[in-house]
Structure formats: C-alpha cells, structure tokens
Amino acid sequence: MTAANLLSDRRAILLLGLLAALAAAPLAAGDYALSILITVLLQAYLGMAWNVMMGFAGQFSLGHALYVGLGAYAGGALFAHFGTPPLVGALAGMVVSAVAGSIIGTLGFRFKVMGVYFALLTIAFAEFTRVLFDHWNWVGASSGLFLPVSHSVNDDFWNLRGSATMFYYVILGMAAAAFLFSRALLGRRIGYYWQAIREDQDAADALGIDVFRAKMVAVIISASMTSLGGLFIAFYNNNLYPESIFSMHRSIELMLGTIIGGIGTLFGPILGAVALTALGEALTVIGAHIGIDGVKQIAYGVCLMVILAFRPGGLWPWLRHRLRLDGGRR
Amino acid sequence: MDATFFMNVISAGLLTGLVYGLMALGLSVIFGVMRVVNFAHGDMMVVAMYATYLLYTKLGLQPLAALPLVAGALFVFGYVLQRVLINRFLGVTEHIQFLLLLSVAIIITNVVLMVFGPDARNIQLDASFESYSLGPLVLDKVRVIAAVGAGCVAALLWAFFRYTTTGTAIRACADNPVGARVVGLDVEKLYAVTFGVGSACVGAAGCLLLLLVDVHPHLSSDYTLLGFIIVILGGLGSLGGALLGGVLVGLSEALSGVLIAPSLKTMFSFGLLILVLLLRPQGILGKKP
Amino acid sequence: MSGPMLSVENLGKSFRGLRAVNAVEFQVPRGDIVALIGPNGAGKTTTFNLIAGAFPPSDGRVTLDGADITGLDQARICRAGIGRTFQIVKPFAGLTVEENVMVGALRHDGGDVEKARKAANDILDLLELGDKALQPAQTLTLPDRKRLEVAKALATRPKLLLLDEVMAGLRPVECDRMVAILTGLNKEHGLTILLIEHVMRAVMALSDHVVVLHHGEKIAEGTPAEVTSHPKVLECYLGEDHG
Amino acid sequence: MSDHTQNPSTSKGINRRQFATTVAAGALVTAGGLPIRSARAATPLKLGVLLPRSGHLALIGQACQRGIDVGMPILRDMGYSIELMNADTESNPDVGRTQAEKLIREGAHMLLGCFDSATTLAVAGVAEQKGIPHVVNIGSEPKITEQGFKYVFRNFPSAPTLGRQGLMLYKDMFAASGVTPKTAVLLHINDSFGMGMLGGINALMPKLDLPFTIVETIGYDPKARDLSIEVAKAKAAKADFTMVVTRLNDAILLVREMVKQQVETMGITTPGSPGMYEKQFFKALGKYAEFCTTNVPWFDPKQEVGNQLIHAFEKAFPEESCDINVSFSFEAALIAADAHKRAGSTDPQALTEALRTTNITKRANLGGAITFDAKGQNVNLPSAVVQNLGGKPTVVLPSQSAEAKLAFPMPGFKNRT
C-alpha cells in the first residue's frame with residue numbers, strides 16, 4: 001500500500017464530489033436545510049475529534065463534553081468580556097483543553113486507570129467541571145453566558161458574527177480540515193503507534209513505543225480539536241449554560257455518530273452524523289404523523305440497537321465494501 | 001452550628017447512603033460477575049419506582065409490601081433482558097456494550113415518559129411527615145424505614161451468595177467463567193440469574209427510594225451516574241464495597257452541603273470519585289483486577 | 001567492541017515471597033544463538049521477562065552490549081536493542097501484516113513511513129510472509145502468526161533477539177523452515193539470538209550454547225551435546241516425565 | 001415537529017393519559033363553530049408555536065401548549081383568525097433553532113415560545129435574522145430583551161423584575177397582617193432562573209428598605225434528590241420566616257422536609273418563583289401545602305377573559321391546573337392575534353409594527369393594558385400575593401383583586417388537621 005493509493009482514485013473522486021456538493025449547498029438549500037447541514041457537520045467534526053482518541057488510540061472517553069465546554073467558554077467569555085477575536089479565543093480554548101486533557105491523561109495513564117474506569121474518570125471530570133462552572137460568576141455561573149449579538153448586515157468572519165451561511169462555511173471548513181488532519185495523522189508514525197496501542201498495548205510497548213507519550217498526544221490533539229467545536233457552538237448559539245454544554249448527554253451524542261458510522265475509520269464519523277441526523281429528522285416527521293411525543297426517542301433507541309446488533313463495526317466498513325471502495329483499508 | 005445539628009445531618013446522610021448503597025449493589029453484582037457495565041441501571045430503577053407508585057395508588061399496597069412484587073418483576077425483566085439481548089453482546093468491546101445499554105435506557109425512559117407523562121409522582125404515607133425524636137436527634141421516619149429495608153435486602157443478597165447453591169455457582173462463574181463451564185455449570189443461565197438478581201436489587205432500591213424522593217422519567221441518568229460513583233468508590237463487584245460507597249456518598253453529600261454549599265455537593269461526590277480512582281483504582285474494598 | 005552481547009548476573013525475582021528465579025547467571029556471546037531450556041515452571045519465561053523489562057528483577061544485573069539495562073521498562077529495553085516475541089502471540093489484529101511490522105520499524109529513519117514500509121517488506125520477504133503483506137493480521141494461521149511475531153521484533157533492528165517458544169505448535173516441516181530462517185538471520189546478518197524452546201530438535205539444530213534452568217536456578221550450561229548428557233539435566237527431565 | 005393544525009386543539013403535546021381529555025377539548029372547539037369563522041378571515045395568521053413538549057421541560061411545555069389550545073376557540077370568538085403550527089423543541093436549544101427555521105420556511109408569520117430562556121434566546125436569534133416577529137410567552141432571562149433584538153416581544157417579567165416586585169409586596173403583606181418579622185432565610189435553586197432571581201434580590205434588599213434581613217442564603221443543585229441537608233441548614237439559621245426560589249419538584253421536597261424536620265417559621269413565601277401554586281404541589285403535600293404564599297403575576301379573577309380561559313381549561317383538562325403557564329401562553333397568542341388583526345396583513349414588518357403598538361386591555365392576567373417598551377418588554381406586569389387557601393391558590397393582595405384575607409403568620413405544621 002503506497003501513499004498514492006491510501007486513498008484510491010474512486011474514493012478521491014467521491015470525496016471531492018461530496019465536498020463540491022457541500023460547498024454549493026447554500027445556493028440551493030433553504031435556511032432550514034442549512035441549519036440541518038450545520039448540525040450534521042458539527043456532529044461529524046466533533047465525532048472526528050473524539051475518533052482520534054477512541055478510534056485511533058483506543059482510549060475510551062465518555063467526557064468529551066468537558067473539552068466542548070472549555071473551548072466554548074474560553075472563546076465565549078473572552079469575547080463577551082474583552083471582545084477578544086474568536087481566533088485568539090480558539091487558541092486559548094485549545095490550550096486550556098489540552099491542559100485539562102493532559103491532566104486527565106497523566107492521572108489516568110500513569111495510575112493505570114483503564115477501559116471503563118478511564119471512561120468513568122472522564123465523566124467525573126466533566127461533571128466536576130460542570131458544577132464548578134455553575135458557580136463561577138465571571139462566566140455567568142448557572143445563569144449562563146451571553147455573547148453580544150451584532151446587528152450588522154454583513155458577515156464579520158473575524159468576529160464570527162453573521163449569517164447562517166457564514167457559519168455553514170466555517171463548520172464545513174472545520175470538518176474538511178479535520179478529515180484531512182485525521183488522514184494525515186493516520187498515515188504518519190504517530191497514527192501507526194496509536195493503532196498498535198489500540199490493538200495491543202503490551203505488544204506496542206514491547207516494540208519500543210513510548211506508549212504513555214503516544215496516548216498523551218492523542219488526548220491532547222483530540223481535546224484541542226474538540227474545543228474548537230465548542231468555540232463554534234458558543235458563537236453559533238450565542239449563549240452558554242454549564243448544564244447543557246458540559247452535560248453527559250452531549251458527550252454521548254458526540255460519540256454516537258462515530259460509533260454508528262464506524263469507529264477508527266476516517267469516513268465513519270461523517271457517515272454516522274449524516275445517518276443519525278437523517279434518522280432523527282425522519283422520525284420527527286413520522287412522530288408528527290403518529291402524534292405522540294416520545295415515539296421518536298423510542299424509535300431512535302430501537303434503531304440504535306438494531307445497528308449495534310447487525311453492524312457492530314459501524315456502517316462505513318460495510319457500506320465501503322458494498323460500494324467496492326475497499327482499495328485502501330480505511 | 002452545634003453538635004446536635006451535625007449529628008442530625010450525619011445520621012440523615014448515613015440513612016440515605018444505605019439506600020444509595022442498595023441501588024448500587026445491583027450494578028455491582030452485574031459487573032462483578034459478567035463484567036457488563038449496566039448503563040440502563042437508573043432507568044430500571046425508575047421503572048421500579050413507577051411500579052411501586054402504581055401498586056400503591058391502584059391497589060393501596062404499601063411500598064414495603066410491594067417490595068417483593070417489584071423486586072420479583074424486575075428479576076424477570078433482568079433475566080429476560082440478559083437472555084434475549086445482552087447475552088449476544090458479552091464478548092464485544094466496552095463501547096458497544098455501553099451503547100447497547102444506552103439504547104435500552106433511551107427506550108425505557110421514553111416508554112415511561114409516554115405512559116406516565118413527565119410529571120413527578122410521589123406517594124403520600126402517613127409516615128411521610130413523621131419523624132422519631134431521640135433526644136435532640138430528629139430521625140425522619142421513612143428514611144429509617146428505607147434504610148432498614150435496604151439493610152435487610154443487602155443481608156438477603158449476601159445470604160444468597162453465601163448459602164445457596166445458585167449463589168455459590170454464580171460466584172464460581174465470576175471467578176473463572178471458563179472453569180465454571182468446564183465443570184458443567186450452565187453459565188448462560190447463571191448470567192441471566194445474575195442479571196435478574198442485580199435488577200431485583202435495583203427494584204427493591206427503587207421501592208424504598210420512592211419513600212424518600214419523587215419519581216419522574218428524567219431521574220434515571222442521575223441515578224445511573226450516582227450508582228457508578230458509588231460502586232467505583234466501594235469497588236466494582238464488591239458487595240460490602242457498594243454499601244460502603246453508598247454511605248460514603250451519603251455522608252459526603254451531607255457534610256459538603258453543610259460545610260460548603262449544598263449546590264456544590266455533587267462536585268464533592270465526583271471529587272471523591274476522582275480521588276479514589278487515582279489512589280485505589282479498584283475501589284476501597286475492590287480486589288485487584 | 002568485544003565482550004558478550006548479553007550478560008546476566010545473579011538475576012533473581014520473587015513474587016510475594018515466592019522465589020521464581022534465583023541467582024541465574026549466563027552470557028550470550030556476540031553473534032551466537034543461545035537456548036534457554038528447562039521443564040515447565042523452571043522460570044524460563046520469567047527470566048525472559050526480566051531481561052525484556054516486562055517487570056523489574058528483585059536483584060541482579062542485566063547488561064546489554066556493555067550497558068546496564070537492569071530495571072528499565074519494556075519500551076526502553078527495546079530501544080536499547082532487545083527485540084522480543086511473546087509466547088502467546090500478540091499481533092495487532094486490526095492492522096495488516098505489513099503495518100504490524102511497520103510499527104516496529106517506524107522508530108528508525110526519523111519515522112519515515114515509506115522507508116518503514118520498505119523495511120517491513122524486506123523483513124516479510126525474509127520470513128516468507130511477503131505475499132500476505134496486505135492481509136489483516138487476524139486472518140493469519142498460527143505458524144504465520146509466529147513468523148509475524150519474529151518479523152515485528154526484527155523490525156525494531158535489535159542487537160539481540162529474544163524468542164519465546166516460536167516453534168511451539170508448529171508442524172515439523174514448519175519448524176524446520178523456522179530453523180532455517182533463524183539460522184539465516186544469524187549467519188547472514190550476524191544477529192545474536194536468545195531463545196526459549198521446548199522443541200529439542202530445534203534447540204539441537206540452532207544453538208551454539210544451551211542454558212538449563214530448573215526451579216528457577218541454573219543447573220547446567222554448555223554445548224547442546226554437553227548439556228543433554230549432563231546428569232542433573234537428565235534427572236530433572238526424567239523426574240519431570242515420571243511426575 | 002411541525003404540523004399545520006386546522007383543528008388547533010389536537011395538540012401533539014399529549015400523552016396517552018391525556019388523550020381522552022384532549023378529544024373532549026377537540027369536541028369543544030368544533031362546537032364553537034370553527035370552520036365558518038376561519039373561512040371568513042382572508043389570510044389567517046400562521047403562528048409557529050415552539051414549546052418544550054418533550055424532554056426534561058415537557059411538563060411545563062405541555063401546560064403552555066394546553067393554554068394555547070384551549071385559548072384558540074376563545075380567540076376565534078373574539079374575532080381573531082389564527083392557524084397554529086406546533087413544533088416541539090425537545091427542551092433543547094439546538095432543536096429549537098432548527099425547528100424555528102423549519103417553521104419559518106413552512107410559512108410561519110410569527111413565532112411564539114419557548115418557555116425556557118436558552119431556547120427562547122436561540123429562537124429569538126433566528127427570528128432576528130429572518131425578520132420574523134417573536135412573542136415570548138414565558139422566559140425570565142433579562143437578556144431576552146436586553147440583547148437589542150428588534151423582533152422580540154416579551155409579555156413576562158424578567159427575573160430581577162419579578163424579584164423586585166415580589167420583594168416590594170412583602171411590605172404590603174406585613175402591613176396587612178400587622179406582623180413584621182425581622183429575619184429571613186433564603187433557599188434558592190442554583191439554575192439560571194434561581195441565580196437571576198437571587199441577583200435581583202441581593203441587589204434590591206438594601207435599596208428597598210425592607211424591615212427584615214436575610215440571615216442565611218442556601219443554594220441547592222437543580223438535580224438535588226433530597227433537600228434534608230439544605231433544610232437542616234435553614235433550620236439552624238433560626239429565622240423568623242422562610243423565603244424560597246424554587247421550581248416545582250424541589251418546592252415539594254423542600255416543604256415536605258420542613259415538615260419532617262419541624263421547621264416552624266412564620267411563613268413559607270416566594271418573591272416570584274413557580275412551584276407552590278401548582279396542582280401537583282397541593283396533591284403531594286395536602287394540608288401542608290396550605291398557607292404558602294407566592295408573589296407572581298397572576299390571573300385577574302375579576303377579568304372576563306381570564307374567567308373564560310379558566311372555565312374552558314377546567315372543562316377540557318379537569319386533571320390539570322390552570323396556572324400562569326397557561327395564562328401567559330394564552331396571552332402570548334392573544335397578543336399575536338391582536339397584532340395580526342390590527343396590521344391587516346401577514347407581512348412580518350407590518351406585524352412587527354403592530355406588535356410595537358400593542359395596547360390590549362381585555363386580558364387574562366392582572367395589571368393594566370399590555371404594552372411594550374422600546375426593547376419589546378411589557379413593563380406593566382405587577383405581581384399579586386397568592387396564598388394557598390382551602391386547597392387552591394387564592395389572590396390575597398392587592399386588595400382590589402383579593403378573594404380572601406392573608407394568613408400570616410401561618411399556623412404551625414403540628415397544629416394542622
């Protein structure tokens with residue numbers, strides 16, 4: 001397998017076509033469709049960020065809402081208090097998240113907290129931080145933090161104030177960058193190290209890999225990427241509440257797409273986000289016809305179960321096979 | 001704040017902690033034997049609470065009288081769930097198991113929501129407003145009842161594992177599933193019984209907890225998390241550990257609520273969890289993995 | 001530089017008071033193949049793990065090429081120049097055979113992936129796995145997995161290769177292939193090898209020197225011929241047979 | 001979840017238990033002669049209603065929806081012409097935002113909602129971008145009208161206003177009862193509403209020259225499962241009376257715990273939070289629910305529209321309580337309908353202009369005419385003192401609307417029969 005066929009021609013064409021279609025989408029799509037697409041891309045982006053840690057390096061984090069929240073609050077609070085441009089806020093958020101990630105990583109990996117225990121450690125940190133933010137007045141505590149709304153008609157990219165279309169292109173760019181970044185990571189030394197650790201940590205260790213360092217790199221990269229998603233949420237929503245941004249629900253939502261799509265694969269998070277959103281929307285429509293609230297969620301649970309039962313590896317490996325895109329392994 | 005005040009607070013924390021412990025017992029039993037982390041734990045408890053509520057409002061059955069019924073029903077539920085669904089997923093990776101039980105949780109929560117609506121329900125016993133006064137100590141009557149009930153159920157569970165053949169077989173299964181299979185134990189059935197017993201514990205806990213708190217469908221995830229904190233504190237798979245963890249969380253909530261700020265008390269539970277995970281990852285009474 | 005490649009002095013390990021390995025001493029001369037044999041429970045794998053750094057020794061000293069590596073962890077010892085295989089094979093199941101080997105090779109050449117791929121393929125060809133390079137490792141048969149273990153260890157460019165029962169479970173023909181491969185590595189590439197083996201015909205064919213362990217202690221060493229006629233060795237093996 | 005309901009009472013916000021009653025409500029509407037009237041209007045107002053009908057706020061979202069559904073026939077009788085487009089926000093701001101966009105795409109002329117402040121802000125942002133007017137039924141976050149939104153109109157006091165008005169009413173309460181306590185203990189929920197109220201109370205206590213001081217402030221987690229510790233702490237404060245800022249469930253827990261721990265104070269009062277006036281509170285606490293007082297905007301029992309609404313509601317949903325969620329959601333629909341009638345068109349600009357000049361005197365709640373200031377806030381929303389008497393919330397102050405006399409200090413828990 002050479003670099004050239006890491007992405008076979010057919011797949012490259014497919015991807016470029018997809019990208020072109022997405023880039024042209026605002027011309028055709030209405031605001032509703034656009035907001036759905038933003039949801040999809042945001043979920044795909046966050047899923048890819050989580051995938052670095054879990055899918056590539058095999059470290060199960062159930063508390064990624066922590067990094068979403070830190071990124072959102074760092075960017076949001078700096079902007080709300082000092083008018084700091086989001087790009088600077090993004091940097092701050094990435095640093096804070098990376099630090100938080102390395103604290104959790106150091107503690108978890110050094111003390112050999114593994115598997116489910118590690119996952120619960122990450123939840124504990126996220127919940128801990130949620131309660132902390134609930135009481136931190138500078139960021140509005142539980143009353144929430146509000147970003148000033150601009151009334152200018154023009155999009156202001158540098159301050160991330162503007163129309164849905166602008167936000168759409170921002171998240172499209174972020175998702176595309178995350179995809180390319182993930183691909184680059186997988187094709188590099190660290191990517192191979194991660195996969196080795198994911199498959200068998202002891203064997204990886206015996207091959208001279210600095211396992212601790214590799215895992216730390218995964219956590220830090222994943223946390224920083226996730227925090228950027230948080231920043232997007234902050235500026236897109238304009239208001240932040242610890243209760244929702246740090247919630248376990250968000251952590252779960254964030255990884256659901258990736259697991260459904262195909263954990264550890266490059267395209268899985270994207271496919272999973274599309275599939276889940278489509279499922280959600282379809283169920284909303286069906287639910288509206290049945291006319292009982294809650295049917296949607298039940299059907300959602302059932303669908304999830306069915307996918308897990310029949311495609312535990314996710315949809316993408318299966319679909320890739322059906323589409324005969326198996327040229328590269330991923 | 002005087003000594004009596006602290007004694008009151010501590011005793012309330014202890015009593016609530018025992019019920020928490022019972023709830024966590026179910027989680028601990030299931031993990032200890034099958035290595036399955038039951039993320040639908042809180043949801044099962046909410047179902048038990050609603051069942052108790054129905055038995056009380058429709059048939060006038062007191063929660064303590066309803067307890068065997070509810071526990072029995074949950075046993076059957078757990079048994080069937082394990083047989084039909086979870087058994088297929090025993091060997092798979094953790095995150096798939098997690099998602100599977102999550103989807104079970106989503107379904108349960110929303111079925112409950114559809115059937116009972118989102119309102120909080122509670123039952124009103126005469127005892128609900130009464131309390132025992134032991135000198136300066138004021139003990140909430142239902143809290144005492146619930147704690148004693150939890151203690152009894154825990155003792156029963158211990159006796160089950162200690163003195164019955166099935167209980168011993170399950171313990172053998174937990175220690176060495178391959179060996180258990182070799183000596184001819186029906187491991188699948190034992191797993192189902194285990195899941196049933198774990199669920200029955202949750203059922204009993206739900207019954208007793210309804211004396212103390214109001215039930216609504218969205219209570220479940222809080223209790224799932226709380227259950228995890230408790231079993232990890234005590235040690236996953238350790239029965240005594242679950243009770244100890246429950247009491248610890250009850251106490252830490254009580255004391256941090258008094259000494260610092262009540263709204264920060266969950267943070268202390270999580271803080272305690274982080275501390276224990278780092279200092280003793282297997283939990284206070286847990287065995288080394 | 002002269003002196004032995006590996007030198008083990010007074011090596012000991014206790015597990016909760018249980019003495020698993022006691023005062024073991026031997027050397028592996030540069031360019032030689034040394035075999036570590038003994039009945040089950042003799043402490044061979046423990047000795048191996050002490051050398052490879054899976055856990056630290058309770059006492060004693062391990063020197064690799066003149067450098068003290070006592071008590072270093074597994075990864076550091078690998079980087080110091082010891083490549084090892086596991087008795088129970090540990091392939092990276094989800095990766096391809098080629099990628100499995102690349103992981104070991106990536107520590108060299110500044111992590112250049114293409115160079116590592118090339119190196120991996122060379123090693124795979126050497127071990128006659130070249131045609132299976134693009135298969136997922138989980139599809140390999142046991143003999144292939146054993147060879148993959150060796151390939152992975154080789155890819156780290158070790159000065160010393162530790163092989164833990166790579167012949168176990170192989171049929172005689174496959175066993176002979178492996179012997180030929182290892183001999184080739186030793187003769188053509190000058191690789192020093194320390195191996196644990198139960199398959200005596202492989203031990204006889206391969207080793208220049210044999211160390212015998214029993215109950216965690218060295219009871220004999222010498223050439224294969226010397227060792228097999230050593231009374232203590234016979235006693236312990238016969239005793240093993242009778243027990 | 002958007003559905004163009006010709007028959008507005010078939011709300012999706014129902015569960016099976018309520019199904020029968022909803023059918024009854026539907027029958028009621030049909031009896032009101034709906035087809036003829038809606039045919040008469042040239043272009044009815046398409047009103048997008050966004051409420052949290054599922055998720056953790058479902059209870060309140062469904063109450064709000066009931067208020068609107070029950071109110072539809074009343075509005076038609078008043079000569080208004082509205083078509084509802086209902087959508088469920090699932091108690092999630094992100095869903096609220098996409099649903100708002102969906103409603104607008106499907107032709108909603110105006111939006112109504114969304115009860116919780118986070119979703120309301122998200123939806124207001126969408127409305128602002130699209131230039132579609134948005135009437136807020138309930139939502140106490142000050143930012144909703146302080147953000148500078150041009151299309152947002154709120155007929156509900158912000159948390160600080162609620163707090164101020166509620167606090168001022170304490171003076172009237174003490175004057176009416178002739179008893180003036182010196183100390184209070186404040187228990188509050190630590191969520192966005194509770195913190196907003198607390199902020200208002202802390203800022204105003206020194207300014208309002210009240211006769212009492214707050215000796216201890218105790219916040220608790222919205223997810224608190226039991227409040228024994230909080231109440232123990234409150235008991236230890238030994239204050240003359242108790243002030244609380246709650247939601248529903250915690251209000252029940254709180255009072256029950258006070259009974260258990262025998263915390264006897266002159267009264268359990270709130271300067272403006274929900275909880276203690278709700279039917280569930282009465283059901284759960286029985287005799288112990290009595291005498292709790294709430295200072296909130298309330299139905300005007302002397303107003304015709306308010307009476308009509310209560311009657312229609314009690315007929316359709318005898319099990320449910322007709323509270324301010326119902327009345328303010330109804331009033332929001334009334335405001336929307338009124339603006340549409342005056343604008344004479346469904347053009348968003350015209351509707352917005354009409355909303356700005358709203359002046360409705362025939363309303364359901366206490367207070368003068370509904371009008372909006374430049375920020376889109378109705379500043380004319382006085383609170384009443386509502387005390388739980390005889391198993392139902394009863395207006396006791398201001399005296400001109402009072403149905404009964406205030407009981408303060410309240411009888412001790414021990415002596416109740």
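Please read all numbers here as calculations on a predicted model, not as lab measurements. Here is the naming used below: chain letters follow the sequence lines, and residue numbers restart at 1 for every chain.
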E146(D)/F146(A) under side chain to side chain contact (heavy atoms under 4.5 Å, CB included): CA gap, chis, key distance, verdict: CA-CA 11 Å; E146(D) 302 287 329; F146(A) 301 91; over 6 Å; no

Proximal to chain D - members of residues 66-83 of chain A, heavy-atom separation under 4.5 Å: none

Contacts of R164(D) that satisfy salt bridge (Lys or Arg N to Asp or Glu O under 4.0 Å) - sequence neighbours left out: none

Separation of T98(D) OG1 from L37(A) CG (nearest 0.5 Å): 12.0 Å

Criterion side chain to side chain contact (heavy atoms under 4.5 Å, CB included) on E101(D) and I36(A), from CA distance to verdict: CA-CA 10 Å; E101(D) 257 150 9; I36(A) 296 279; over 6 Å; no

Spatial distance of atom CD (E253(A)) from atom CG (N92(D)) [nearest 0.5 Å]: 7.0 Å

N190(D) CG to E243(A) CD distance, which is reported to the nearest 0.5 Å: 10.0 Å

From CZ (R97(D)) to OH (Y32(A)), nearest 0.5 Å: 14.0 Å

Separation between CE of M195(D) and CG of N137(A), rounded to the nearest 0.5 Å: 5.5 Å

Side chain to side chain contact (heavy atoms under 4.5 Å, CB included) between L121(D) and N237(A), worked out: CA-CA 8 Å; L121(D) 278 164; N237(A) 283 8; over 6 Å; no

Nearest-0.5 Å distance that lies between atom CG in N239(A) and atom CD1 in I144(D): 9.5 Å

For the student: nearest non-hydrogen atoms of Y241(A) and A118(D), plus distance: CE1-CB, 3.0 Å

Proximal component of H135(A), with respect to chain D [non-hydrogen, under 4.5 Å]: side chain

L283(A), part contacting chain D, at a heavy-atom distance under 4.5 Å: neither

